2 protein chains.
Amino acid sequence: MSTDPPGHDLPLRLLLGFRVLVDGVHAELARRGHPELRPVHGFVLQAVGPSGATAVELGRRLGVTKQAAAKHIEFLQDRGYLERATDPRDARRKPVRLTGRAFDSLRISAAAFDELRAGWARTLGEQRLRALEADLRAVTPGAAFRLDLPGWFAGG
Amino acid sequence: MSTDPPGHDLPLRLLLGFRVLVDGVHAELARRGHPELRPVHGFVLQAVGPSGATAVELGRRLGVTKQAAAKHIEFLQDRGYLERATDPRDARRKPVRLTGRAFDSLRISAAAFDELRAGWARTLGEQRLRALEADLRAVTPGAAFRLDLPGWFAGG
DNA sequence: ACACGATGGACAACCAGGTTCACTATTTGT
DNA sequence: ACAAATAGTGAACCTGGTTGTCCATCGTGT
């Protein structure tokens, strides 16, 4: 009797929205000197954070194994986004830190996300956009971001 | 001067929302006799559709190569979700059709997505949810679903 | 002081999913 | 009739995830 829209439209739109925003940011990143960065790398750099992280910590934050985290570290270190440090208190730990280049990319990302959001605000109105954000927060868990998109999606 | 929320929250919430819905549907699918189906498979079955498809057509609909599509076909055929047919007009084509098992899984998925949507409607109110759907449609392209999530995200 | 368990890092093997390249069979069009 | 386009298949390769294994280092309890 109700004429509710079909439920399958919602997940599609959510994913599409995610892709639109992330693609927009990475187009800007590519323009501004970071063409090698893929969506996944932004999340990794974000997870490393200003205080750095070890492979184990990074894996925990991202919801993947330490080995998977180590592969990302190697990739980003090779390209100048991370640098290794040592921990004088614990010779086992080999924390990585963000380089200037990494901070530069994070600044560009943040600005691009803000600009994209402003575009949505122009389309929807700030009021509606805030409602959208609030509603999404209400129906999603507060949980941290999980990096295992490929495996989750396709079944690793 | 404005105190706009940071733009980076939006993509996270969109992705989280997608995951919540898809995880919910697949939990239900697993309970109802389809534990092997991964998120990606739902999209493949949807893309095959009631009228069937060949590997080339499927690849086009999903935005991946025909070889990638063929791998999905092989997987789903082995598990009884797809069956091969022949085209008497063109011996090159080997279209696949959905089996009864596939239709069963699609019915379960549709019902689960509707139920999940109803849950969101209970939380947000039907009004707000419709606004959310309309707003998402307004800021996302009408484009079809692209299957290349793993490669897109991590850089294949 | 020392042995033992826990922790961090690294390496190898494996699987999934995507890609490109190459090849065969069939159809279509000139 | 023959050449170009199309459908399917297989192989090699890349990435990113996993598990399993091993070694070095730290912390703890006896």
Side-chain angles (χ1 to χ4, degrees), chain A residues 19 26 36-45 47-48 52-79 82-97 145-156, chain B residues 19 26 36-45 47-48 52-79 82-97 145-156:
Chain A
R19 282 190 75 142
H26 281 270
E36 292 179 318
L37 251 26
R38 310 288 318 159
V40 65
H41 302 137
F43 293 102
V44 173
L45 294 178
V48 171
T54 66
V56 169
E57 290 161 2
L58 193 54
R60 273 202 246 280
R61 292 177 197 171
L62 295 172
V64 297
T65 61
K66 59 182 180 177
Q67 291 90 334
K71 288 186 186 182
H72 286 296
I73 288 176
E74 187 187 358
F75 180 94
L76 290 168
Q77 185 184 2
D78 287 351
R79 282 156 185 79
L82 295 176
E83 57 189 7
R84 289 210 169 272
T86 58
D87 185 337
R89 317 257 268 262
D90 188 338
R92 292 170 307 175
R93 302 179 75 248
K94 299 184 185 174
V96 291
R97 277 193 309 248
F145 179 77
R146 312 209 68 229
L147 229 222
D148 60 346
L149 247 212
W152 168 80
F153 187 63
Chain B
R19 282 191 75 141
H26 282 269
E36 291 178 318
L37 252 25
R38 310 289 318 161
V40 66
H41 301 136
F43 294 101
V44 173
L45 295 178
V48 171
T54 65
V56 168
E57 289 161 2
L58 193 53
R60 274 201 245 281
R61 290 176 198 172
L62 295 173
V64 297
T65 60
K66 59 182 180 177
Q67 291 91 335
K71 288 185 186 181
H72 286 295
I73 289 176
E74 187 187 357
F75 179 95
L76 290 169
Q77 185 185 1
D78 287 350
R79 282 154 186 81
L82 295 177
E83 59 188 5
R84 290 211 167 270
T86 57
D87 185 338
R89 319 257 267 263
D90 187 339
R92 292 170 307 174
R93 301 179 76 247
K94 298 182 184 173
V96 291
R97 278 193 308 248
F145 179 76
R146 311 209 67 230
L147 228 225
D148 59 346
L149 247 213
W152 168 79
F153 187 63

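Everything quoted here is computed from the prediction, not taken from an experiment. Values below: all heavy atoms of this structure, side chains included; hydrogens, waters and symmetry mates excluded.
- Distance NZ (B:Lys71) to C1' (D:dT15): 12 Å, rounded to an integer number of Å.
- Here D:dT15 presents its C1' atom at 10 Å from CZ of A:Phe75, a figure rounded to the nearest Å.
- Closest contact between the side chain of A:Arg60 and the listed nucleotides C:dG8, C:dG17, D:dG17 involves C:dG8.
- Between A:His72 and D:dG17 there is a side-chain N or O to OP1 or OP2 distance below 4.0 Å.
- Scanning all heavy atoms of the two residues, the minimum distance from B:Ala55 to B:Ala69 falls at O-CB, 3.5 Å.
- Shortest non-hydrogen contact noted between A:Ala47 and A:Leu62 is CB-CD2, 3.6 Å.
- Between A:Gln77 atom CD and A:Arg97 atom CZ the span is 11.5 Å, to the nearest 0.5 Å.
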Please write out each protein N/O paired with an N/O of nucleotides 19-21 of chain D under 3.5 Å, distance rounded to 0.1 Å.
residue : atom : partner : partner atom : Å
D:dG20  : O6   : A:Gln67 : NE2          : 2.4

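- Direction of the helix axis in the helix from C:dA1-D:dT30 to C:dT30-D:dA1 shifts by 0° between the two five-pair termini, rounded to 10°.
- Across residues 82-92 of chain B, B:Arg84, B:Arg92 each have a non-hydrogen atom less than 4.0 Å from an atom of DNA chain D (numbered order).
- Between A:Arg79 and A:Phe75, some side-chain heavy-atom pair lies under the 4.5 Å cut-off.
- Taking 4.5 Å as the limit, every side-chain heavy atom of A:His26 sits out of range of all side-chain heavy atoms of A:His41.
- With hydrogens and angles disregarded, no donor-acceptor distance shorter than 3.5 Å links the side chain of A:Arg93 to the backbone of A:Thr54.
- With contacts defined as side-chain heavy-atom distances shorter than 4.5 Å, the pair A:Val44/A:Ile73 does not qualify.
- When the C1' atom of C:dG8 is taken as reference, atom CD of A:Glu74 falls 17 Å away, rounded to whole Å.
- The interatomic distance linking B:Arg38 (CZ) with C:dA16 (C1') rounds to 11 Å, in whole Å.
- Judged by distance alone, the side chain of A:Arg60 and the main-chain N or O of A:Val56 form no donor-acceptor pair under 3.5 Å.
- Rounding to the nearest 0.5 Å places OG1 of A:Thr65 at 10.5 Å from CG of A:Leu58.
- If you check every strand for non-hydrogen atoms under 4.0 Å, B:Ala55 touches sugar and phosphate atoms only.
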Test salt bridge (Lys or Arg N to Asp or Glu O under 4.0 Å) applied to A:Asp90 and A:Arg92, step by step:
CA-CA 5 Å; A:Asp90 188 338; A:Arg92 292 170 307 175; 2.9 Å; yes

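- Using a 4.5 Å cut-off on side-chain heavy atoms (C-beta onward), B:Arg61 and B:Glu57 make contact.
- Close to D:dT9, at under 4.0 Å from its OP1 or OP2, lies a side-chain N or O of B:Lys94.
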